[in-house]
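Notes to accompany the following structure.
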Number of protein chains: 2
Amino acid sequence: MRTVTPMPKLASNPFKKHQHSQCIRDALHSAEGLCKKNGFRLSNVRKRVLELIWESHQALGAYAILEQLGKEGVKPAPPTVYRALDFLLEAGLVHRINSLNAYIGCNHPKDSHHGSYFLICQHCHIVAEIHDKRIDEEVASLAERERFSISERALEISGTCQHCQETQHAR
Amino acid sequence: MRTVTPMPKLASNPFKKHQHSQCIRDALHSAEGLCKKNGFRLSNVRKRVLELIWESHQALGAYAILEQLGKEGVKPAPPTVYRALDFLLEAGLVHRINSLNAYIGCNHPKDSHHGSYFLICQHCHIVAEIHDKRIDEEVASLAERERFSISERALEISGTCQHCQETQHAR
DNA sequence: ATCTGTAATGTTATAATATAACACTTTGCG
DNA sequence: CGCAAAGTGTTATATTATAACATTACAGAT
């Protein structure tokens with residue numbers, strides 16, 4: 001059997017203009033489906049945190065989420081947000097961007113992909129998630145050679161997105 | 001001209017048994033050479049911080065470094081350590097492991113490699129630095145397709161090293 | 001050898017991120 | 001309903017990192 005390595009692809013392309021409200025609806029809808037299917041409880045706090053992350057259209061920090069929640073009612077204490085984030089991370093609904101201490105939504109939680117890789121614009125803080133089978137394979141073979149058993153992997157590529165290069169300034 | 005993609009290799013292999021005191025000597029020696037060559041000032045604090053990182057043989061946090069410095073004299077305030085770390089990072093003498101908020105020594109600061117990739121044992125916290133041209137190339141082509149201009153990249157692979165798998169417990 | 005400007009360090013305070021521990025409430029289910 | 005488990009609230013605190021300003025050390029010019 002011949003295997004063809006497919007072109008790596010963006011899970012979607014947040015750097016391009018798009019109707020972001022549609023992203024949010026889709027994400028929430030698929031999150032609800034996933035939770036129902038797996039018996040996870042997508043409580044109000046959890047749902048609202050997920051929405052806020054999607055609405056921001058950027059990597060969003062825990063305390064930024066707290067601020068937002070504060071604006072729309074009683075400001076909860078940090079553990080509330082961190083617990084919601086833990087849940088969402090577990091469920092695969094968000095990713096943590098270590099280099100930013102911030103979180104982004106994941107729009108394909110169903111896929112049991114090997115690794116997610118991220119293009120992070122340092123100007124606009126938009127983050128694009130990438131899947132790349134070639135990198136997956138190379139990482140796997142690397143680890144195997146070292147007899148290293150992988151549990152997680154994170155590739156964070158920081159730089160400037162096309163849009164910010166063109167406008168030559170931070171947004 | 002035919003190019004052969006070389007096997008990716010560990011910059012050295014900290015998972016294997018070795019005379020670590022030799023690592024430390026080599027690292028310090030090459031650091032001094034590099035600083036002399038580039039007109040960097042490897043002051044006492046900076047040198048001692050670099051030594052401590054190498055001596056620990058693991059990823060070491062800023063406050064762990066502070067503790068150590070405290071044990072051998074007057075405990076400095078955090079900025080002292082963070083400044084030393086900033087210098088060492090700039091000089092390419094250490095790397096920051098984002099997923100651990102910790103630092104490891106780099107033993108080949110002369111190489112202007114594209115990216116460094118890390119195998120991080122979650123049990124013993126030993127970190128191995130890897131260079132892999134195939135990943136470099138794949139990342140570069142990925143970014144080019146998106147017209148994304150890269151300034152930094154970090155691939156952190158977490159899991160269990162061979163030794164910890166065999167002994168089946170954390171060290 | 002002294003002066004002088006820059007780089008490095010010291011010092012104090014505080015910001016930003018994250019979690020521990022325990023009390024209380026909600027929810028699904030028998 | 002009543003119970004157990006899951007989720008949330010609350011208070012306090014741990015951990016990581018930086019801002020701002022004062023002081024000291026150092027390399028190069030005179």
Side-chain angles (χ1 to χ4, degrees), chain A residues 31-32 35-53 56 58-70 72-91 93-104 125 154 156, chain B residues 31-32 35-53 56 58-70 72-91 93-104 125 154 156:
Chain A
E32 277 167 358
C35 290
K36 178 158 283 182
K37 203 184 77 184
N38 295 77
F40 301 155
R41 265 169 65 188
L42 190 61
S43 68
N44 279 342
V45 191
R46 291 168 176 181
K47 189 152 119 185
R48 193 66 197 111
V49 169
L50 183 58
E51 273 169 6
L52 286 171
I53 290 171
S56 87
Q58 298 183 357
L60 198 60
Y63 280 76
I65 294 170
L66 266 171
E67 283 309 307
Q68 277 304 316
L69 290 175
E72 42 192 72
V74 189
K75 183 166 169 178
T80 299
V81 166
Y82 282 102
R83 284 170 187 147
L85 288 170
D86 286 345
F87 168 83
L88 296 169
L89 285 166
E90 287 269 317
L93 293 166
V94 304
H95 292 291
R96 181 173 204 279
I97 305 299
N98 283 325
S99 60
L100 299 176
N101 294 335
Y103 304 81
I104 63 163
H125 286 154
E156 301 183 8
Chain B
E32 277 168 357
C35 289
K36 178 157 284 180
K37 203 183 78 185
N38 296 77
F40 301 156
R41 265 169 66 189
L42 188 61
S43 67
N44 278 343
V45 191
R46 291 169 175 180
K47 188 152 120 184
R48 192 67 196 111
V49 169
L50 183 58
E51 273 169 6
L52 286 171
I53 289 172
S56 87
Q58 298 184 357
L60 199 59
Y63 280 75
I65 294 170
L66 267 171
E67 284 309 307
Q68 278 303 318
L69 290 175
E72 41 191 73
V74 189
K75 183 166 169 176
T80 300
V81 166
Y82 281 102
R83 284 171 187 146
L85 288 169
D86 286 346
F87 168 84
L88 295 169
L89 285 166
E90 286 270 317
L93 293 165
V94 304
H95 292 292
R96 183 173 202 281
I97 305 299
N98 283 326
S99 59
L100 298 176
N101 295 334
Y103 304 81
I104 63 164
H125 286 152
E156 301 183 9

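So that the names make sense, note that chain A is the first sequence line, chain B the second, and so on, each numbered from 1. All values below were derived from every heavy atom in this structure, side-chain atoms included, with hydrogens, water molecules and symmetry-related copies excluded. It should be emphasised that the depicted structure is a prediction, and the values quoted were computed from it without experimental measurement.
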Worksheet item: Backbone N or O of I97(A) within a donor-acceptor pair of the E156(A) side chain at under 3.5 Å?
Response: no

Worksheet item: Taking everything shown except N38(B) itself, do over 12 heavy atoms lie less than 6.0 Å from its CG?
Response: yes

Fill in: Whole-Å distance separating the OH atom of Y82(B) from the P atom of dA15(C)
16 Å

Worksheet item: Is any side-chain nitrogen or oxygen of R46(B) closer than 4.0 Å to OP1 or OP2 of dA8(C)?
Response: yes

Worksheet entry | Atom-to-atom span, CZ of F87(B) to P of dC26(D) - whole angstrom | 15 Å

Discussion item. Side chain of P79(A) only, heavy atoms from C-beta on: which candidate in dT18(D), dT10(D), dT16(D) is closest?
Written reply: dT10(D)

Worksheet item: Separation of L66(A) atom CG from dA15(C) atom P, in whole Å?
Response: 16 Å

Worksheet entry | Spacing between N38(B) atom CG and dA7(C) atom P, to the nearest angstrom | 16 Å

Worksheet item: Expressed in angstrom and rounded to an integer, what is the separation of F40(A) atom CZ from dG28(C) atom P?
Response: 16 Å

Practice prompt. Answer yes or no: is there a donor N or O on one side and an acceptor on the other, between the side chain of R48(B) and the main chain of L69(B), under 3.5 Å?
Written response: no

Discussion item. Distance check needed: dT25(C) C1' versus N44(A) CG, whole Å only.
Written reply: 14 Å

Discussion item. Both Y63(B) and T80(B) contact DNA chain C. Which one's nearest nucleotide lies toward the 5' end?
Written reply: T80(B)

Fill in: R83(B) vs dA8(C): side-chain N/O to OP1/OP2 distance below 4.0 Å
no

Item to complete: May I have the distance from K75(B) (atom NZ) to dT12(C) (atom C1'), rounded to whole angstrom?
Response: 16 Å

Response to the item:
Nearest heavy-atom approach of L66(A) to P78(A) is CD1-CA, 3.8 Å

Worksheet item: Rounding to a whole Å, what distance do you find between D86(B):CG and dA8(C):C1'?
Response: 13 Å

Practice prompt. Please state whether the phosphate of dT9(C), meaning OP1 or OP2, lies under 4.0 angstrom from any side-chain nitrogen or oxygen of S43(B).
Written response: yes

